[in-house]
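Proteins get letters first, then strands, A, B, ... in listed order; numbering begins at 1 in each.
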2 protein chains.
Amino acid sequence: MASENNPYRSDCPINYSLEMLGDSWSLLIIRDIIFAGKRTYGEFLTSDEGIARNILANRLQQLTCKGILEKKPHHTDNRKDLYVVTDKGLDLIPILLELSAWGAKHEPSTSHGQSWVAETNLDREQLVQRIRQSVLEGRSVFDSVGD
Amino acid sequence: MASENNPYRSDCPINYSLEMLGDSWSLLIIRDIIFAGKRTYGEFLTSDEGIARNILANRLQQLTCKGILEKKPHHTDNRKDLYVVTDKGLDLIPILLELSAWGAKHEPSTSHGQSWVAETNLDREQLVQRIRQSVLEGRSVFDSVGD
DNA sequence: TCATTTCAGTTTCATAATGCAACTGAAATA
DNA sequence: TATTTCAGTTGCATTATGAAACTGAAATGA
């Protein structure tokens, strides 16, 4: 199934996403931008998880390279830059919501006041139920859905 | 915001999920179980991405520790074990779907024949639109949604 | 029954990524 | 003009990754 003309480990879209985002920190930076309105190096540094300065610099650079963030000059302070999400970055919102919902469900101590994560999605829920059922019945998903 | 009584880097549910799953390989193993019906060490080894044997063994052990997989004896071959997803693991289906949708959208070369990823979710889409809009307008999400 | 193969890991070792703390140089502030 | 703030960088110790060879138990075939 792997093709030789792309630079990724395989031609699976989940794999692509994980090659882009599959580490401990990248999605936390996106979270800080999207859910906390952070925009500068210094603001990202203050997050609870305590990312190291060099790792932060590295991830900001990589996310920029990958077209998920964009670096723009700060209008009133020339020492600072603003990191803003691109459209590609904004499209990560559903992933963040699902990560949040899963985390909140399976480690309830993390679900402080995030009542809005409960705003549910019923069409999505139906598809998930069908896949879930096929896994429980020992079938592969490819037997029950498309392809 | 970080509390002192949990063992995680912070009390954010997204952070919890990333501490559980934030690496290149864990979700690929879950993908193989859920979307390809794989169940044994040997089957996971054959995936296109080419995970190393030691890394695979390590991830299977960690995912089992974390309550996402369960190791069961193979009924007809005592050399093998079956790795099956728990309920906690099945709850990862929405995350996998979103990762797949994002990957397929932003690297179209990865979206071979997965027509079923297009089965959309409109309630979810509405929430995403609201958040997206608030980010674009420079507001923090906490300004526009709950809390 | 006995030799061979298959299987799930483990071990070894080289290389890369992480994380901490001290440092730098430019721009803002007093 | 001196000091502070800011976004990074550098150096270094520790940890994780990855490839390949190895192990020991169970299945298979003669």
Side-chain angles (χ1 to χ4, degrees), chain A residues 2 7-10 15 18-30 32-33 36-66 68-85, chain B residues 2 7-10 15 18-30 32-33 36-66 68-85:
Chain A
Y8 307 109
R9 292 183 298 197
S10 76
N15 177 68
L18 291 173
E19 288 196 45
M20 293 293 114
L21 306 160
D23 76 283
S24 277
W25 298 110
S26 297
L27 283 170
L28 289 182
I29 294 170
I30 311 291
D32 281 347
I33 296 177
K38 297 187 178 184
R39 295 168 167 254
T40 64
Y41 182 89
E43 288 176 315
F44 300 132
L45 264 190
T46 68
S47 293
D48 286 340
E49 292 83 10
I51 188 171
R53 308 181 72 90
N54 55 342
I55 305 294
L56 174 58
N58 173 271
R59 292 305 187 281
L60 288 172
Q61 193 190 310
Q62 292 205 42
L63 288 168
T64 304
C65 278
K66 291 168 178 166
I68 294 168
L69 297 184
E70 218 169 334
K71 193 175 182 173
K72 296 188 169 179
H74 192 283
H75 291 305
T76 67
D77 187 339
N78 286 322
R79 292 170 307 180
K80 301 183 183 179
D81 284 296
L82 296 178
Y83 293 92
V84 301
V85 282
Chain B
Y8 307 109
R9 292 183 298 198
S10 77
N15 176 69
L18 290 173
E19 288 197 45
M20 292 293 113
L21 306 159
D23 76 282
S24 277
W25 297 110
S26 298
L27 283 170
L28 289 182
I29 295 170
I30 312 290
D32 281 348
I33 296 177
K38 297 187 178 184
R39 293 166 171 255
T40 64
Y41 182 88
E43 287 176 316
F44 300 133
L45 265 189
T46 69
S47 293
D48 286 341
E49 291 83 10
I51 189 172
R53 309 179 72 89
N54 53 345
I55 306 294
L56 175 57
N58 174 271
R59 292 305 187 281
L60 289 172
Q61 193 191 311
Q62 292 204 42
L63 288 169
T64 303
C65 277
K66 290 167 178 167
I68 293 167
L69 297 184
E70 218 169 332
K71 193 174 182 175
K72 296 188 171 178
H74 193 284
H75 291 306
T76 67
D77 187 338
N78 285 322
R79 292 169 308 181
K80 299 183 183 179
D81 284 296
L82 295 178
Y83 292 93
V84 300
V85 282

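Under the 3.5 Å distance criterion, with hydrogens and angles disregarded, no donor-acceptor pair is assigned to the side chains of Lys66(B) and Ser26(B).
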**OP:** Would you check, one step at a time, whether the test side-chain contact (heavy atoms from CB on, under 4.5 Å) holds for Leu56(A) with Leu60(A)?
**Re:** CA-CA 6 Å; Leu56(A) 174 58; Leu60(A) 288 172; 3.8 Å; yes

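Comparing Thr40(A) and Gly50(B) along DNA chain D, the residue whose closest nucleotide (by nearest heavy atom) sits nearer the 5' end is Thr40(A). Along DNA chain C, the nucleotide nearest to Asn78(A) and the one nearest to Trp25(A) differ in position, and the one closer to the 5' end is contacted by Trp25(A). Nearest-nucleotide assignment on DNA chain C puts the 5′-proximal partner with Asn58(B), out of Asp77(A) and Asn58(B). Each of Leu60(A) and Arg79(A) was matched to the nucleotide of DNA chain D holding its nearest heavy atom; the match closer to the 5' end belongs to Arg79(A).
Here chain A contacts DNA chain D (any atom closer than 4.0 Å to a heavy atom, that is under 4.0 Å), and the contacts span dT5(D) to dG11(D) from 5' to 3'.
Atom CD1 in Ile51(A) sits roughly 11 Å away from atom P in dC20(C) (whole-Å rounding). In this structure, CG of Leu45(B) is placed 13 Å from P of dT10(C), rounded to the nearest angstrom. Atom CD1 in Ile55(B) sits roughly 12 Å away from atom P in dT10(C) (whole-Å rounding). Note: CZ (Arg53(A)) to C1' (dA22(C)) measures 11 Å, nearest angstrom.
Counting heavy atoms from C-beta outward, Tyr8(B) and Asn15(B) have side chains that approach closer than 4.5 Å. Within the 4.5 Å cutoff, side-chain heavy atoms of Arg59(A) are placed close to those of Asp23(A). Using a 4.5 Å heavy-atom threshold, the side chains of Glu49(B) and Ser24(B) count as separate.
Of the options Leu63(A), Val85(A), Val84(A), a side chain to side chain contact (heavy atoms under 4.5 Å, CB included) to Ile33(A) is made by Val85(A) and by none of the others.
As judged by a 4.0 angstrom heavy-atom cut-off over every strand, Phe44(B) is placed among residues making no nucleic acid contact. Using a 4.0 Å heavy-atom criterion, one finds that Ser24(B) contacts no nucleic acid atom at all. Contact annotation for Asn54(B): base contact, defined as any heavy-atom pair under 4.0 Å involving a base atom.
Looking only at distances, no side-chain donor or acceptor of Tyr41(A) sits under 3.5 Å from a matching main-chain atom of Tyr83(A).
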